[in-house]
Every structure is written in structure tokens, then in C-alpha cells.
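Reviewing the structure listed below.
Because only heavy atoms are used, hydrogens play no part in the values below, and waters and symmetry mates are left out as well, while side chains stay in. First the proteins, then the strands, lettered A, B, ... as listed; each starts at 1.
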There are 2 protein chains.
Amino acid sequence: MDEYDEAKKIGSYLERTSRLVKLRYLQAFAQLGVDITPEQWVMLDSLYHRNGQSQTELAGDSYKNAPTVSRIIDLLEKKGFVERQRFENDRRRYKIFLTTAGTAAVEKVQPAVSSLRQQSWENLSDADYTDFFRIINQVFENLNGGN
Amino acid sequence: MDEYDEAKKIGSYLERTSRLVKLRYLQAFAQLGVDITPEQWVMLDSLYHRNGQSQTELAGDSYKNAPTVSRIIDLLEKKGFVERQRFENDRRRYKIFLTTAGTAAVEKVQPAVSSLRQQSWENLSDADYTDFFRIINQVFENLNGGN
DNA sequence: TAATAATAGTTGTCATGACAAATATATTCC
DNA sequence: GGAATATATTTGTCATGACAACTATTATTA
């Protein structure tokens with residue numbers, strides 16, 4: 001039962017930490033007067049690094065599914081951070097582009113992101129950092145395969 | 001930018017792994033014909049180990065907030081897995097009790113939970129296991145303090 | 001070419017989670 | 001004792017995410 005309790009926690013600890021990270025991002029953005037959620041930021045940031053992606057590409061990049069991306073892009077479009085343009089050769093697809101305001105939002109928020117990142121890793125070593133990503137990716141792979 | 005990209009991923013990797021874990025739980029429960037979500041299971045499991053908790057206690061245990069717990073208990077009650085009983089001395093509070101069906105559901109699902117847990121840690125060492133919890137808890141603490 | 005299948009995206013429904021505001025009951029303090 | 005506070009829970013609103021079903025467009029293939 002001790003072992004069982006300990007084990008239960010992987011999901012719970014992942015979940016609560018993930019939620020806390022997202023909450024801190026949300027609060028940081030709000031404090032800067034940038035009205036976006038962490039998930040919206042992930043999209044904007046992805047576009048900042050590669051503009052003009054389709055929704056399917058954005059979904060793959062963030063491991064989100066199509067409906068989720070569709071709705072996030074809707075919101076970002078309403079807020080004026082992003083624009084949909086149809087592909088020339090394939091009228092099913094959109095290319096999503098950051099607007100000037102979208103680019104500005106990403107840049108405004110960047111120091112806060114760096115700061116939060118730094119804060120996350122306080123009291124932890126470089127080895128911890130490396131290990132953490134290795135382990136969490138292995139867990140992801142373990143559960144993502146076939147099954 | 002390389003450093004920046006790497007860093008961005010802590011939130012994303014936490015999030016995607018957390019989501020995958022929850023999805024696998026959901027699928028495992030469904031396959032067993034047990035109609036509960038991972039979050040509902042966390043509540044049931046908490047009650048299985050300590051029956052009669054109040055919603056506030058359940059919230060603290062799972063780091064969820066009061067409205068979320070209230071709604072999860074609503075659903076579990078509708079499904080017949082849980083019962084609300086008022087405290088004798090404090091009529092604001094409920095004690096939440098597992099029903100027979102609730103207990104049965106927890107027990108039915110337990111092997112699948114163990115199995116998923118084992119699968120999560122394949123290709124990882126005992127040290128990885130220990131490190132992972134140490135690191136993720138430190139990250140949680142880093143972000144949870146004051147700020 | 002016409003029928004079929006595949007792909008891109010949207011919409012509907014439900015559960016979770018964050019926040020604010022509400023209700024009901026208990027506690028504190030003057 | 002009664003007013004102000006605090007606590008336990010509920011309800012409303014919105015965003016995200018999972019799934020299924022849908023539309024529109026493109027590709028395949030018989």
C-alpha cells in the first residue's frame with residue numbers, strides 16, 4: 001500500500017505541477033496586461049518561430065488535437081493576434097500568421113517566460129534538468145507507444 | 001534561441017505527458033466498463049483510503065479547488081459511487097462516503113492502475129523514479145512559494 | 001469521369017479547472 | 001446577543017481537451 005500510494009502520484013504530481021505552471025504563466029501574462037492563456041501563448045510562440053503554419057502543423061507541434069487548435073486560433077483571431085489565410089493550392093487549409101499585435105505580445109511576454117523558467121529550476125542542478133526531460137520523455141514514450 | 005526553445009518545453013512536456021497519462025487511465029477504465037474519469041478515480045481512491053472526508057479535505061488532498069471537487073462529487077453521486085452525508089456538528093460540511101458500487105469500482109480498476117504505473121516506468125531505473133519525484137516536487141515548490 | 005476515400009477544419013457535447021460571486025452555517029468580537 | 005467575519009459548498013462563466021459527427025475540398029481508383 002505504501003508502494004501503491006507512491007505510485008499513484010505520478011499522474012497527480014504531473015497534473016498538479018502542470019496546472020501550477022500554466023497558472024503562473026497566466027498570472028504573469030495578466031500582470032503584463034497581455035490577455036492570453038498559456039495555451040494561446042504556445043501557439044503564438046510556435047508561430048513566432050515559424051510563421052504561416054497550418055492548423056494541423058500547429059496541432060502536431062503542440063500535441064493538441066484539431067478541434068482544440070481550431071478554437072484557440074478562433075480566440076487569437078478575435079483578439080487580433082493572428083490571421084487566417086487560405087492556401088493557394090489547397091483551399092481546405094489555412095496558413096496562420098501572427099499580426100503585428102501578435103508579434104508584440106510574444107515579445108512583451110518573453111522576459112516573464114524566461115523568468116518563470118528560471119524560477120522553475122531553482123535549487124536544481126544541470127543534471128536534474130537533463131534528467132527530468134529524459135525521464136518525462138521516456139514516460140511519454142512508454143505510454144504513447146502502441147497500447 | 002536554442003536555450004529558449006529547450007526551456008519552453010517544461011510546461012509543454014509536463015502538459016502533454018499529464019494529458020497522456022490521464023487519457024490512458026480513461027481508456028483503461030472504459031475498457032473495464034467502469035464509467036469514471038481519472039479525476040473521478042483520484043477522488044474515489046482518496047476516499048477508499050480514507051472514507052468520510054469532506055470536500056475541502058478532498059480538495060486539499062488532490063490540489064483541486066472547491067468548485068471542481070463539488071462538481072466531481074456531483075457526478076460521482078449521480079453515478080451512485082458516492083454519498084453525501086451532512087456533518088452532525090457542522091451543517092455546512094458534508095462527509096463523503098464510498099458506496100458499495102464505489103468501492104467495487106476502485107477495486108475493479110486497481111490492476112489496470114498498477115499496470116499503467118508499471119508501464120510508465122519501463123526503461124527507467126529506480127534512481128530515475130526517485131529523481132523524478134524529487135525534481136517535479138522541487139519545481140512545484142519553486143513555483144508554489146509566495147510569488 | 002464518377003464514386004470513393006482521405007484530409008483540413010468546424011461544431012456539438014461533456015468533464016475539468018480557474019475565478020468570482022452567491023448561499024448557508026459557524027465563529028468571533030464588541 | 002448581535003454584527004461582522006470566516007468557512008463549506010454551490011453556481012456561473014470561460015478556456016481547454018477528448019471524442020464524434022459534420023462540411024468542404026482534394027486525391028485516388030475503378
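Regarding contacts with the backbone of dA8(D), every side-chain N or O of Ser70(B) stays at 4.0 angstrom or more from both OP1 and OP2. A close approach under 4.0 Å does occur between a side-chain nitrogen or oxygen of Arg84(B) and OP1 or OP2 of dT10(D).
At the heavy-atom level, Phe87(B) lies nowhere under 4.0 Å from the strands shown.
Atom-to-atom, CD of Glu57(B) to P of dT9(D) comes out at 8 Å; the value is rounded to the nearest Å. Going from atom CG of Leu58(A) over to atom C1' of dA8(C) covers 13 Å, rounded to whole Å. The nearest whole Å value for the distance from the CD atom in Gln55(A) to the P atom in dA24(D) is 17 Å. If you measure from atom CG of Asn89(A) to atom C1' of dA27(D), you get 14 Å, rounded to the nearest angstrom.
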Protein-nucleotides 3-7 of chain C N/O pairs closer than 3.5 Å?
residue: dT7(C); atom: O2; partner: Arg92(A); partner atom: NH1; Å: 2.8

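Relative orientation of the Trp41(A) and Tyr25(A) rings is tilted, given thresholds of 30° and 60° on the angle between their planes. Ring geometry, Trp121(B) versus Phe133(B): the interplanar angle falls from 30° to 60°, so the pair is classed tilted.
Sorted by first and then second residue, the pairs that involve residues 124-140 of chain B and meet salt bridge (charged side-chain N to carboxylate O under 4.0 Å, His left out), not counting sequence neighbours, are Asp128(A)-Arg134(B), Arg134(A)-Asp128(B), Asp131(B)-Arg134(B).
Summarising the geometry of Gly80(B) relative to Ala101(B), their closest heavy-atom pair is O-CB, 3.8 Å, with the distance given to 0.1 Å. For the residue pair Asp90(B) and Phe87(B), the shortest heavy atom distance occurs at O-CB, 3.0 Å.
Salt bridge annotation for Glu39(B)-Lys64(B): absent, with no cationic side-chain nitrogen under 4.0 angstrom from a carboxylate oxygen. The residues Lys79(A) and Asp74(A) are annotated as not salt-bridged, no charged nitrogen and carboxylate oxygen being separated by less than 4.0 angstrom.
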Exercise. Could you run down nucleotides 13-19 of chain C 5' to 3' and tag each one B, S or - for protein heavy-atom contact under 4.0 Å?
Worked result: B-SSBBB

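Proximity of the aromatic rings of Tyr13(A) and Phe140(B) is defined here by a centroid distance below 6.0 angstrom, and this criterion is not met.
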